[in-house]
There are 2 protein chains.
Amino acid sequence: MRLFNDQGTAAVSTNHVAAAAGISPGNLYYHFRDKEDIIRELFERMFATWDTVYRLPSNRRPILSDLDALITANYRQIWRHRFAYGEMAALLRGDPRLRTRYQVMRRRGYAGFKSLIKAFAASGVLTALPPTARELNVLTELCWVISEQWPVNLELSGRAFTANGIRQGIALMRMVLTPHLARGARADPL
Amino acid sequence: MRLFNDQGTAAVSTNHVAAAAGISPGNLYYHFRDKEDIIRELFERMFATWDTVYRLPSNRRPILSDLDALITANYRQIWRHRFAYGEMAALLRGDPRLRTRYQVMRRRGYAGFKSLIKAFAASGVLTALPPTARELNVLTELCWVISEQWPVNLELSGRAFTANGIRQGIALMRMVLTPHLARGARADPL
DNA sequence: GTCTATATAATGATAGAC
DNA sequence: GTCTATCATTATATAGAC
């Protein structure tokens, strides 16, 4: 994953992976059927983290700072797997099996995202959610796109993924959500 | 560009490009130094279109429908060059020269984006722009990320880039801009 | 400018010993 | 499970004739 994150999947050969892992190419092919299989495994590990990352405190009602924490955790998560998000379209185009799998997990993730938004609404953090289901979908989609793309976008612009970069990303998400925030919460400092 | 859009740059060899162009591989290398050079040329053609696409009517004040038209034109433009946006990070990582060039053009494009937003504010379409320069930057960045990523995102989710897909993209951009729209303009149907 | 032919190198992947 | 050795294929890129 480190190699893929740093150089992109196309620039990293199976020989490189084997060398970095400290094993022989032959041994690598004992553990993985082919290169696509390695990438699929990395995707699965990524999917597996989704359930734990996008989770609210179970012992109390979520508050605004939970929202910030969630956004931050999300960005870190995406950054950790940036090889995937930086060339997702190319990866999915080349591997139909991975594409199907991603789209299934994406739908699940999207539903989870919407649940989170609704949970923040129920707890009074977001008091002015869009009235129609359709608009709520648009809002969810908006959050999804920004979540998924902001860390890579940061890299593209030449900036680094630092605390400051994350802060800028939170500002973006806040600008989307502010019109839906409870009145008292809006003044919360970044 | 068609091959790259359909299969991704890594999956398309120079031999494929030559065959699709109806010339020999040797001839292709007479016209282009190497594969990166081909990609750089495609990027340059893309950059060249930016000035013509992101442009307001010169003979009158821009109105709300101009904003929608601009967003639509933008999405179409991105879609036409989706090979670039679908694997931008990987492409820039592998070609420092391209990275530098992209970042220069990106800064220029970002400044143009901000000018457009200000022009819509000056003409009364956007009446409630964020008060501080900092917030205006966040809004601009937000529009930029969505512009750049929505068409590819549409593809990733399994949807097609059709009139309907574009309409959904406009809805996204509208949700970002609505809090800043003039009151009378908000009721405008999609 | 365009071609054919080819050099060179790397890649993904396998065979088979241990 | 791990290795060495190697294969077949493919890709980029060049040489040189026309």
Side-chain angles (χ1 to χ4, degrees), chain A residues 1-48 81-102, chain B residues 1-48 81-102:
Chain A
M1 191 160 78
R2 184 174 50 77
L3 291 178
F4 287 159
N5 278 341
D6 290 348
Q7 305 173 238
T9 59
V12 177
S13 73
T14 51
N15 286 3
H16 292 143
V17 173
I23 63 175
S24 68
N27 193 7
L28 181 67
Y29 275 87
Y30 171 81
H31 291 283
F32 297 93
R33 185 182 182 75
D34 53 25
K35 192 179 176 181
E36 289 184 336
D37 199 36
I38 299 172
I39 294 172
R40 274 195 290 264
E41 171 64 22
L42 290 176
F43 265 75
E44 286 307 323
R45 294 188 183 190
M46 177 176 76
F47 294 146
H81 301 91
R82 60 189 177 281
F83 80 94
Y85 296 97
E87 47 178 320
M88 187 74 81
L91 290 175
L92 300 193
R93 250 184 253 120
D95 185 349
R97 199 168 132 192
L98 183 64
R99 177 167 59 234
T100 306
R101 178 74 178 138
Y102 169 76
Chain B
M1 191 160 79
R2 185 173 49 76
L3 291 177
F4 287 159
N5 277 341
D6 290 347
Q7 305 173 237
T9 59
V12 177
S13 73
T14 51
N15 286 1
H16 292 143
V17 173
I23 63 176
S24 68
N27 193 7
L28 181 67
Y29 275 86
Y30 172 81
H31 290 283
F32 297 93
R33 183 181 183 76
D34 53 24
K35 191 179 176 181
E36 289 183 336
D37 199 36
I38 298 173
I39 293 171
R40 275 194 290 264
E41 171 64 23
L42 290 176
F43 265 76
E44 286 306 323
R45 293 187 183 191
M46 177 176 76
F47 294 146
H81 301 90
R82 61 189 176 281
F83 80 95
Y85 296 96
E87 47 178 320
M88 187 73 83
L91 290 175
L92 300 193
R93 251 183 252 119
D95 185 349
R97 198 169 132 191
L98 183 64
R99 177 167 59 233
T100 305
R101 178 74 179 139
Y102 169 76

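Per chain, numbering begins at 1; letters A, B, ... match sequence-line order.
Residues satisfying the salt bridge (charged side-chain N to carboxylate O under 4.0 Å, His left out) criterion with B:Arg99, sequence neighbours excluded, are absent altogether. With sequence neighbours excluded, the residues satisfying salt bridge (charged side-chain N to carboxylate O under 4.0 Å, His left out) with B:Arg45 are B:Glu41. Taking A:Arg82 as the reference, A:Asp6 meet the salt bridge (charged side-chain N to carboxylate O under 4.0 Å, His left out) condition, with sequence neighbours excluded. Residues satisfying the salt bridge (charged side-chain N to carboxylate O under 4.0 Å, His left out) criterion with A:Arg101, sequence neighbours excluded, are A:Glu44.
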Heavy-atom protein contacts under 4.0 Å, nucleotides 3-18 of chain D, coded B base, S sugar-phosphate only, - none: BB------SBBB----

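Listed in residue order, the members of residues 87-96 of chain B having a heavy atom less than 4.0 Å from DNA chain C come to none.
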Verdict with supporting geometry, A:Leu98 and A:Ile39, side-chain contact (heavy atoms from CB on, under 4.5 Å): CA-CA 9 Å; A:Leu98 183 64; A:Ile39 294 172; 4.2 Å; yes

Verdict with supporting geometry, A:Asn27 and A:His31, side-chain contact (heavy atoms from CB on, under 4.5 Å): CA-CA 7 Å; A:Asn27 193 7; A:His31 291 283; 3.4 Å; yes

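The aromatic rings of B:Phe83 and B:Phe43 lie perpendicular to each other, with more than 60° between the two planes, well past the 30° mark.
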